[in-house]
Amino acid sequence: VPNWICYPVRNPNDPQFPQQWHHQKVKSPQAWDLVTGRSTQIVAVVDTGIDLTHPDLQATRVPGFNSVDRKAEIDGGQVNDLNGHGTHVAGDAAAIGNNATGVAGMGWNFKIMMIRTSNSPGGGATIDDILAGARWAVDHGAKSVSASYSGVDAAPIGTTGTYIKSKGALFCYAAGNDNRNLSGFFYPDTIVVGASDESDGKAGFSAYGRAVHVFAPGTNILSTTLGGGYGPASGTSMATPVCNGAIAMIFAANPGLTAQQAQDVLESQCDVIGPSAIFGHGR
């Protein structure tokens, strides 16, 4: 029997970390034994904005972009959250870890870039605005970007992923919450993310099938909420930024990886939780 050198599993001191079931499922503590994320690395989310003063988000924020107005935050573009969705999604990906506050994102100290792609309290956005925001993010230093919106069938989502990959970054897009079999298309360069549940099944609402690359936990995910609080939410909207943060961790562990290499690591290291015709590479 090999006499391995073993190390403690590294848990953060965030008080609500024990309620974040998804971290144990995807083995975040084991990853944190190796790397906790790089403070120079930018994780971007394309969403409804962000709580500008949230204690688990504020300190690591970098200036973002309003893709409806095509205006950078430094030029007056508004990125405050109109809806609450974006604040939750940002925390799923990159809430500050080990700061004795609230919850932990997938890494502990990534920079968060908010791309606000809606000026509506309802959060609705056009495909053009979503994708313009994603492109702006990688053009301004993001290594991983996610969009938690419907509309995954739109072909420009695939070509945008190809552009983003050409810039050395990766793009994740939500599979959708309509329980559809997405069998009619496949994007090699945009990572489409479905949602799994606490028992490693398909979340009842999650789309699935050929177009879906990977699944990630997406039910009852505890994260940051508008007004400085915390709460659970479910959807492929949550699974997608969890995947975004996992990609960021892969790049953090080896910054020399190409985008394709990072995608290969992500997909090859998934746990198989069911047939590939439903779950793609797995969770």
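The hydrophobic cluster analysis finds V272 isolated: no Ile, Leu, Val, Met, Phe, Trp or Tyr side chain comes under 4.5 Å of it, directly or through other members. Within the hydrophobic cluster formed by Ile, Leu, Val, Met, Phe, Trp and Tyr side chains joined at under 4.5 Å, directly or through other members, V103 is accompanied by L222, Y230.
Ring geometry, H140 versus W136: the interplanar angle falls under 30°, so the pair is classed parallel (tilted spans 30 to 60°).
Judged by distance alone, the side chain of Y173 and the main-chain N or O of T240 form no donor-acceptor pair under 3.5 Å. For Q41 (side chain) and K111 (main-chain N/O), no donor-acceptor pair under 3.5 Å exists by modelled atom type. Under the 3.5 Å distance criterion, the side-chain polar atoms of N83 are matched with a main-chain donor or acceptor of P121. Checking side-chain atoms of W21 against main-chain N and O of T219 turns up a donor-acceptor pair under 3.5 Å. A donor-acceptor pair under 3.5 Å links the side-chain atoms of D47 to the main chain of G86, judged by distance alone. Looking only at distances, no side-chain donor or acceptor of E73 sits under 3.5 Å from a matching main-chain atom of V79. Under a 3.5 Å cut-off, the side chain of R180 and the backbone N or O of G209 do not form any donor-acceptor pair. Here the side chain of T236 pairs no donor or acceptor atom with the backbone of A239 at under 3.5 angstrom. With S28 contributing its side chain and Q24 its backbone, the two residues share no donor-acceptor pair below 3.5 Å. Put simply, the side chain of Y187 gets close to the backbone of V152: a donor and an acceptor are under 3.5 Å apart.
What you find for P18 and P15 is that their closest heavy atoms are CD-O, 3.4 Å. What you find for A262 and L170 is that their closest heavy atoms are CB-CD1, 4.0 Å. Summarising the geometry of T48 relative to G123, their closest heavy-atom pair is CG2-CA, 3.9 Å, with the distance given to 0.1 Å. Across A90 and I50, no two heavy atoms sit closer than the pair CB-CD1, 3.8 Å. W32 and P12 make their closest contact through CZ3-CD, 3.4 Å (heavy atoms, listed as atom of the first residue, atom of the second, distance). The two residues P55 and N99 come nearest to each other via the heavy atoms O-ND2, 3.8 Å.
Once rounded to the nearest 0.5 Å, the distance linking CG of L257 with CG of N254 reads 4.0 Å. Between the OG1 atom of T101 and the NE2 atom of H54 there is a distance of 10.0 Å, given to the nearest 0.5 Å. Of the inter-residue distances, the one linking L226 atom CG with L82 atom CG reads 9.0 Å to the nearest 0.5 angstrom. In this structure, the separation between CZ on R70 and CG on D75 is 14.5 Å, given to the nearest 0.5 Å. With rounding to the nearest 0.5 angstrom, the CG atom of D264 is 10.5 Å from the CD atom of Q269. If you take CD on Q20 and CG on D14, they are separated by 7.0 Å, rounding to the nearest 0.5 Å.
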Could you give me the CA-CA distance, side-chain angles and deciding distance for S67 and T117, then say whether side chain to side chain donor-acceptor pair (under 3.5 Å) is met? CA-CA 5 Å; S67 68; T117 195; 2.9 Å; yes

What verdict does the side-chain contact (heavy atoms from CB on, under 4.5 Å) test give for H88 and T225, after you've listed the backbone C-alpha separation in whole Å, the side-chain angles of each residue and the deciding distance to 0.1 Å? CA-CA 5 Å; H88 199 283; T225 57; 4.2 Å; yes

Working note: H281 + S268, criterion side chain to side chain donor-acceptor pair (under 3.5 Å); need CA distance, chi angles, decisive distance, verdict. CA-CA 7 Å; H281 292 277; S268 68; over 6 Å; no

Full working for side-chain contact (heavy atoms from CB on, under 4.5 Å) between R283 and C270: CA-CA 5 Å; R283 190 264 305 135; C270 285; 5.9 Å; no

From CA spacing to verdict: side-chain contact (heavy atoms from CB on, under 4.5 Å), K202, F279: CA-CA 8 Å; K202 186 184 87 65; F279 291 100; 3.9 Å; yes

What verdict does the side chain to side chain donor-acceptor pair (under 3.5 Å) test give for S199 and D197, after you've listed the backbone C-alpha separation in whole Å, the side-chain angles of each residue and the deciding distance to 0.1 Å? CA-CA 5 Å; S199 59; D197 63 18; 3.1 Å; yes

Could you go step by step and tell me if K143 and I247 meet the side-chain contact (heavy atoms from CB on, under 4.5 Å) rule? CA-CA 9 Å; K143 286 289 283 186; I247 290 166; over 6 Å; no

Passes side chain to side chain donor-acceptor pair (under 3.5 Å), S144 versus N244? Steps please. CA-CA 6 Å; S144 54; N244 183 352; 2.7 Å; yes

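For the residue pair D139 / Y163, a side-chain donor-acceptor distance below 3.5 Å is found, with atom types taken as modelled. Between the side chains of Q260 and K165, at least one donor N or O lies within less than 3.5 Å of an accepting N or O. For the residue pair E198/N220, the side-chain donor-acceptor check at 3.5 Å is satisfied. Counted by atom type alone, T87 and D81 present one or more donor-acceptor pairs between their side chains at under 3.5 Å. Remark: the D56 side chain and the T224 side chain contain no N/O donor-acceptor pair separated by less than 3.5 Å. For N109 and N98, the side-chain atoms include no donor-acceptor pair closer than 3.5 Å.
Linking ILVMFWY residues whenever their side-chain heavy atoms come closer than 4.5 Å, directly or via other members, leaves F186 and V214 in distinct clusters. When the side chains of ILVMFWY residues are joined at heavy-atom separations under 4.5 Å, either directly or via intervening members, M114 and I42 end up in two distinct hydrophobic clusters. Under a hydrophobic clustering in which Ile, Leu, Val, Met, Phe, Trp and Tyr are joined whenever their side-chain heavy atoms come within less than 4.5 Å, directly or via other members, I164 and F185 fall into the same cluster. Cluster annotation: W108 and M106 are assigned to distinct hydrophobic clusters (Ile/Leu/Val/Met/Phe/Trp/Tyr, side-chain heavy-atom contacts under 4.5 Å, transitive). One hydrophobic cluster, built from ILVMFWY side chains closer than 4.5 Å, cannot hold both M249 and V138; they sit in different ones.
P241 is listed as a side-chain neighbour of S148, based on a closest heavy-atom distance under 4.5 Å. Counting only heavy atoms from C-beta outward, the side chains of F215 and D271 never approach each other to under 4.5 Å. Side chains of N119 and D69 form a contact here, defined as non-hydrogen atoms less than 4.5 Å apart. A heavy-atom distance below 4.5 Å is not found between the side chains of P29 and D33. Using a 4.5 Å heavy-atom threshold, the side chains of I250 and Q263 count as separate. Residues R116 and N80 have side chains in contact (heavy-atom distance under 4.5 Å, counting atoms from C-beta outward). By the 4.5 Å heavy-atom criterion applied to side chains, M238 and P217 are not counted as neighbours. Under the 4.5 Å side-chain criterion, counting only non-hydrogen atoms from C-beta, V45 is not in contact with M113.
The side chain to side chain donor-acceptor pair (under 3.5 Å) contacts involving residues 203-214 comprise H213-E267, where partners must be two or more places apart or lie in separate chains.
The residue from D92, L57, V242 that alone fulfils the side chain to side chain contact (heavy atoms under 4.5 Å, CB included) condition with S223 is D92.
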